[in-house]
Amino acid sequence: MKTMTTQQVQELVESKQAINLIDVRETNEVAAGKIPGALNIPLGLLEFRMSELDKSKEYIMVCRSGGRSGQATNFLENHGYKVTNMDGGMLDWNGETN
């Protein structure tokens, strides 16, 4: 499984690069703040919504601590998607949220 630190992801966000973030936390967790531009698909719905994702794009998976996003990363990798897990999750995130 490919991983990135929260600092590496923050640098990508701040450089205004086109990145695809998927936050797999529950909607009530995301309401407290998410990385700007992240798409919320709760882990329990990922199997049903993965058809919304483009296999030609790369995705960075985000959750609270890195555990659920790790599960999501493994799941999507097994279905042919290019995904990276953000280690540490939102607990380690020091960047902007909205």
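All values derive from a computational prediction rather than experimental measurement.
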K.L.:
I'd like to check the side chain to side chain contact (heavy atoms under 4.5 Å, CB included) partners of Asn74; sequence neighbours left out, ordered by chain and number.
P.N.:
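With neighbours one apart ignored, the set is Met1, Glu77.
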K.L.:
Can you name the residues that form a side-chain hydrogen bond (donor to acceptor under 3.5 Å, both in side chains) with Glu47, not counting sequence neighbours?
P.N.:
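Expected list: none.
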K.L.:
Can you find a pair of side-chain heavy atoms, one from Tyr59 and one from Leu76, that are under 4.5 Å apart?
P.N.:
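In short, these two side chains do not touch, never coming nearer than 4.5 Å.
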K.L.:
Taking all non-hydrogen atoms of both residues into account, name the closest pair between Val83 and Thr73 and its distance.
P.N.:
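For Val83 and Thr73, the tightest heavy-atom pair comes out as CG2-O, 3.3 Å.
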K.L.:
Answer whether the closest heavy-atom distance between the side chains of Glu29 and Arg68 falls below 4.5 Å.
P.N.:
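Heavy-atom side-chain distance check passes, below 4.5 Å.
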K.L.:
Tell me, please, which residues at least two apart from Ser15 pass side-chain hydrogen bond (donor to acceptor under 3.5 Å, both in side chains).
P.N.:
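Once residues adjacent in sequence are excluded, the partners of Ser15 under the side-chain hydrogen bond (donor to acceptor under 3.5 Å, both in side chains) criterion are Gln17.
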K.L.:
Say you draw a straight line from NZ of Lys82 to CG of Asn20; how long is it, rounded to the nearest 0.5 Å?
P.N.:
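Atom-to-atom, Lys82:NZ and Asn20:CG are 10.5 Å apart.
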K.L.:
Rounded to the nearest 0.5 Å, how far does CG of Leu46 lie from CD1 of Ile22?
P.N.:
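With rounding to 0.5 Å, CD1 (Ile22) is 7.0 Å from CG (Leu46).
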K.L.:
Ser69: what forms a side-chain hydrogen bond (donor to acceptor under 3.5 Å, both in side chains) with it, not counting sequence neighbours?
P.N.:
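Per chain and number, Ser69 pairs via side-chain hydrogen bond (donor to acceptor under 3.5 Å, both in side chains) with Asn85.
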K.L.:
Please enumerate all residues that pass side chain to side chain contact (heavy atoms under 4.5 Å, CB included) together with Thr27, with sequence neighbours excluded.
P.N.:
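Thr27: side chain to side chain contact (heavy atoms under 4.5 Å, CB included) contacts with Asn40, Pro42.
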K.L.:
Could you check if a side-chain atom of Lys34 sits within less than 4.5 angstrom of a side-chain atom of Thr97, using non-hydrogen atoms only?
P.N.:
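Lys34 vs Thr97: side chains apart.
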K.L.:
Kindly give the cluster partners of Val62, where membership spreads through any ILVMFWY side chain lying under 4.5 Å from a current member.
P.N.:
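When side chains under 4.5 Å apart are linked, the cluster holding Val62 also contains Met4, Val9, Leu12, Val13, Ile19, Leu21, Ile35, Ile60, Met86, Met90, Trp93.
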K.L.:
Checking Ser65 now: which residues fulfil side-chain hydrogen bond (donor to acceptor under 3.5 Å, both in side chains) with it, not counting sequence neighbours?
P.N.:
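Expected list: none.
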K.L.:
State which residues pass salt bridge (Lys or Arg N to Asp or Glu O under 4.0 Å) with Glu52; sequence neighbours excluded, sorted by chain then number.
P.N.:
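Scan of Glu52 (salt bridge (Lys or Arg N to Asp or Glu O under 4.0 Å), adjacent residues dropped) gives Arg49.
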K.L.:
With sequence neighbours excluded, give me every salt bridge (Lys or Arg N to Asp or Glu O under 4.0 Å) pair touching residues 4-23.
P.N.:
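Non-adjacent pairs meeting salt bridge (Lys or Arg N to Asp or Glu O under 4.0 Å): Asp23-Arg25.
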K.L.:
Which residues pass the side chain to side chain contact (heavy atoms under 4.5 Å, CB included) test with Asn94, sequence neighbours left out?
P.N.:
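Expected list: Gln10.
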K.L.:
To the nearest 0.5 angstrom, please state how far the CG atom of Leu53 sits from the CD1 atom of Ile41.
P.N.:
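Separation between the atoms: 5.0 Å.
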K.L.:
Does anything in residues 61-85 form a ring-ring contact (aromatic ring centres under 6.0 Å, His included)? List the pairs, not counting sequence neighbours.
P.N.:
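Every ring-ring contact (aromatic ring centres under 6.0 Å, His included) pair that includes a residue of residues 61-85, provided the two are not neighbours, is Phe75-His79.
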K.L.:
In this structure, would Met50 and Val24 fall into the same cluster of hydrophobic residues linked by side-chain contacts under 4.5 Å?
P.N.:
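Both belong to a single hydrophobic cluster.
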K.L.:
Sequence neighbours excluded, which residues qualify as salt bridge (Lys or Arg N to Asp or Glu O under 4.0 Å) partners of Glu58?
P.N.:
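By the salt bridge (Lys or Arg N to Asp or Glu O under 4.0 Å) rule, Glu58 matches Lys2.
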